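Just so it is clear, the model here is predicted, and its values are computed rather than measured. Throughout, a chain's letter reflects where its sequence line sits, starting with A, and its residues are numbered from 1.
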Amino acid sequence: MASRAANVVLSRANRMRQTLQSALEASVLEIEDVSYQHAGHAGVKGDANETHFNVKIVSSKFEGQNLVKRHRVVYDLLADELKSGLHALSIVAKTPKEIGS
Amino acid sequence: MAASAQISRLHPIISPPLASRKPLISFSRFSPSFRCLSSPLSLSRPKTLTKPSFRNRVRASIRKLSESESIPIAKVPEDLDASIPAAAGVYGVFDANGELQFVGISRNIASSVDKHRKTVPADLCFSVKVGPADTATATADRTVLQSAWKSWVEEHISATGKPPSGNLQGNYTWTGAPPDLRLTPGRHVSLTVPLEDLIDRLVKEHKVVAFIKGSRRAPQCGFSQKVVGLLESHGVDFVCVDVLDEEHNFGLREKLKSYSNWPTFPQVFAGGELVGGCDIISDLAEKGELKAILQK
């Protein structure tokens, strides 16, 4: 019970971070809530709160995966968030080689 | 026929006039949407265009591009009517530098030119040459007009090595963008096939489909607007479907998410397969791969 309450209190960004970090072992993981930029556009019910995020992930798990596959991996990991009000994700998904590190 | 071979080699690039319904067209059998025609040269007569006497008649009745004089396009509609015939025929529009931008055919050339004058930037739409169908020697039916269109475009290609830029596929400056597709006629009509099947058919029938929020002319979301802008600026020939249109595309928003296994919009399909959303399209555009992926 206590842990569930703790999860709800955690912001969406933090929940996303936990999920993505543990699944993808990302070397770079940046999550930015940009919902304010989309306030008032079509399809956003109620106020624009934690609805739109920019996500940048660098992970070796993306090796050999094309862009569509990488995006699908991220979407699948965040499926619960997408069902509960997360509306749009801007995803940058690269491998360590691609960013030259 | 060397000339028709040349055009058919090019036809993936040029959009022949009034070809909106059928993507793959061979010039010898054409069916554009001329409505009020009862043509004496019916399409059931095979290969009329190859008969030498007919070809000569066509050439004689509609003069060549190079033989037509240039008429400046007046800014004021009243002056326009005086100089440009309201007849059926072929016409070519030239820009302010005297370069041919577009060749079109019309039931009423003056009216078509007037429409261009209103919607196309003035420096592109500067003067016009007309080839009215001479009703004494050939009726202005579709085969005659198309043949004239073809010969004017060929004339231009022989002179310059390429077709007029306004006639290239994906260039909507002169013809306007294709209308947004609708999956159903409206909510009053119940579906006889599952929505997934309709989606499946749609993405397979059209080379490039963009499912967006809002209409092509008025997207209602920044990502959708960006995708429409990128596709248009790359000259991609594509159609749009408005997932927010509850009247004609009821249930599409949810159904498409499961059909594509993709939870967000816009979604761009090419060759029946999902290419991706705004991020992927932007990425492909930056890398210069967009047109290649969408047109293979």
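Considering NE2 of H87(A) and CZ of F265(B), their distance stands at 10.0 Å, rounded to 0.5 Å. Interatomic distance, CH2 of W262(B) versus CG of L82(A), reported as 11.0 Å (0.5 Å rounding). For the atom pair CG of D279(B) and CG of L67(A), the computed distance is 9.0 Å after rounding to the nearest 0.5 Å.
Within 6.0 Å of atom CZ in R182(B), 12 or fewer heavy atoms from other residues, nucleotides or ligands are found, so the atom counts as exposed in its surroundings.
For L78(A), no part sits under 4.5 Å from any heavy atom of chain B, backbone or side chain.
Formation of a donor-acceptor pair under 3.5 Å by the R72(A) side chain with backbone atoms of N261(B) is found in this model.
Using a 4.5 Å heavy-atom threshold, the side chains of K257(B) and Y75(A) count as separate.
Heavy-atom pairs under 4.5 Å with chain A were tallied for G277(B), P263(B), C278(B); the largest tally goes to P263(B). Interface remark: of the candidates L274(B), T264(B), V275(B), I280(B), I280(B) forms the most heavy-atom pairs closer than 4.5 Å to chain A.
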